[in-house]
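Reading through the structure tokens given below for one structure.
Any value given below was found using the heavy atoms of this structure, including those in side chains, with hydrogens, waters and symmetry copies removed. Here the structure is a predicted model, which means the values were calculated and not measured.
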Amino acid sequence: SDLRPQRRSRSTRGEDLFARVDLSFEEAAFGAHRDLRVERLQACDACGGNGAEAGTSPTRCDGCGGVGQVQDVRQSIFGTVMTSTPCRRCEGTGEEIRSRCTVCRGRGRVGVTDTVPVDIPAGVTDGLEVRMAGQGHAGRAGGSAGDLYLSLHVAPHPLFERRGQDLFAVLEVPMTTAALGGDVTVATLDGEERVSVDAGTQPGDVVRLKGHGVASVGRRGRGDLFLTVTVTIPRRLDRDERALLERLAAARGGEAPRLLGPEER
């Protein structure tokens, strides 16, 4: 087998970058575009990324003779012990730069501020991480670029709660509308919609608006919007309102409060 020391490649992959993207609830639901400003390292144009001054190139390291390793011989109680360690002068690559590029000082990379266009797909969720391949720091000596990881943070909505693709909210209606039925206007992510409330609607009943939820990333269609009905009871009545309710109570005088068992609730 080949026991010769292995040189390290001067070409290494670039480091990854991480960025936070803040989205409104609607942007997460429908998708959004961002032009992100990121600070990253790119290959030096002056030296082509190899770190050597124009017209020159890396040469064989004098410290290790180009093998990338230096050997150390020591005497111990077990006899002669020989160890190999990466050459510090060339960092184990076997090559050193004698005339360093004046632009990047031999590093092969320079710092820049770039604008990265990002298209956020519809339906993303809070905390989701998106990977953009090759948008990180440039590699060293021609190595591949790292990746850019985006951490998405979605602001909560004042009305809607999201569970998967579906949205949930509370629809408050007057007791007269619950009893008699009627059309009411409600807010959705798509704008205002007319919703029909059936006569005799009870607190806790649910009204479903199909297709008014959120998309799923990479799929067609949207979830639904579920409205849980709550009925408002007036705390104060004027004389006429009280008279009307008293007439209604008299007309329905046979009704009496009662306890409901578990199966009736």
Is the closest basic N to carboxylate O distance between [X] and [Y] below 4.0 Å?
| X | Y | value |
| --- | --- | --- |
| Asp240 | Arg242 | no |
| Arg239 | Glu241 | no |
| Arg20 | Asp22 | yes |
| Arg40 | Asp114 | yes |
| Arg131 | Glu129 | no |
| Glu27 | Arg34 | yes |
| Glu95 | Arg60 | no |

Would you check if [X] and [Y] make a side-chain contact, meaning some heavy-atom pair closer than 4.5 Å?
| X | Y | answer |
| --- | --- | --- |
| Glu15 | Arg140 | yes |
| Glu96 | Thr59 | yes |
| Thr85 | Asp72 | no |
| Glu91 | Pro86 | no |
| Asp16 | Leu148 | no |
| Arg98 | Glu53 | no |
| Thr113 | Val38 | no |

Identify the two heavy atoms, one from [X] and one from [Y], that lie closest to each other, and give their separation to 0.1 Å.
| X | Y | result |
| --- | --- | --- |
| Met82 | Gln71 | SD-OE1, 3.7 Å |
| Leu189 | Val214 | CD1-CG2, 4.4 Å |
| Pro174 | Thr232 | CA-OG1, 3.3 Å |
| Pro121 | Val217 | CG-CG1, 4.1 Å |
| Thr125 | Val154 | C-CG2, 4.0 Å |
| His157 | Leu159 | ND1-N, 2.9 Å |

Working for salt bridge (charged side-chain N to carboxylate O under 4.0 Å, His left out), residues Asp35 and Arg37: CA-CA 7 Å; Asp35 288 320; Arg37 292 180 63 82; over 6 Å; no
Does the [X] side chain pair with the main chain of [Y], one donor and one acceptor, at a distance under 3.5 Å?
| X | Y | answer |
| --- | --- | --- |
| Thr188 | Gly191 | yes |
| Asp205 | Gln202 | yes |
| Asp147 | Gly134 | yes |

statement: Paired with Asp224, the side chain to side chain donor-acceptor pair (under 3.5 Å) test is passed by just one of Gln165, Arg208, Lys210, namely Arg208
- request: Give the intermediate values and the outcome of salt bridge (charged side-chain N to carboxylate O under 4.0 Å, His left out) for residues Arg222 and Asp166.
  value: CA-CA 8 Å; Arg222 293 170 57 181; Asp166 296 325; over 6 Å; no
message: With a 4.5 Å cut-off on side-chain heavy-atom distances among I, L, V, M, F, W and Y, is there a chain of contacts connecting Met175 to Val207?
response: yes
message: Could you check whether atom CZ of Arg194 has more than 12 heavy atoms from other residues, nucleotides or ligands sitting under 6.0 Å from it?
response: yes
field: Residue that, paired with Val70, satisfies side-chain contact (heavy atoms from CB on, under 4.5 Å) out of Cys64, Ser84, Cys61
entry: Cys64
message: Do Arg162 and Phe168 form a cation-pi contact, if we require the NZ or CZ to be under 6.0 Å from the six-membered ring centre and within 45 degrees of the ring's axis?
response: no
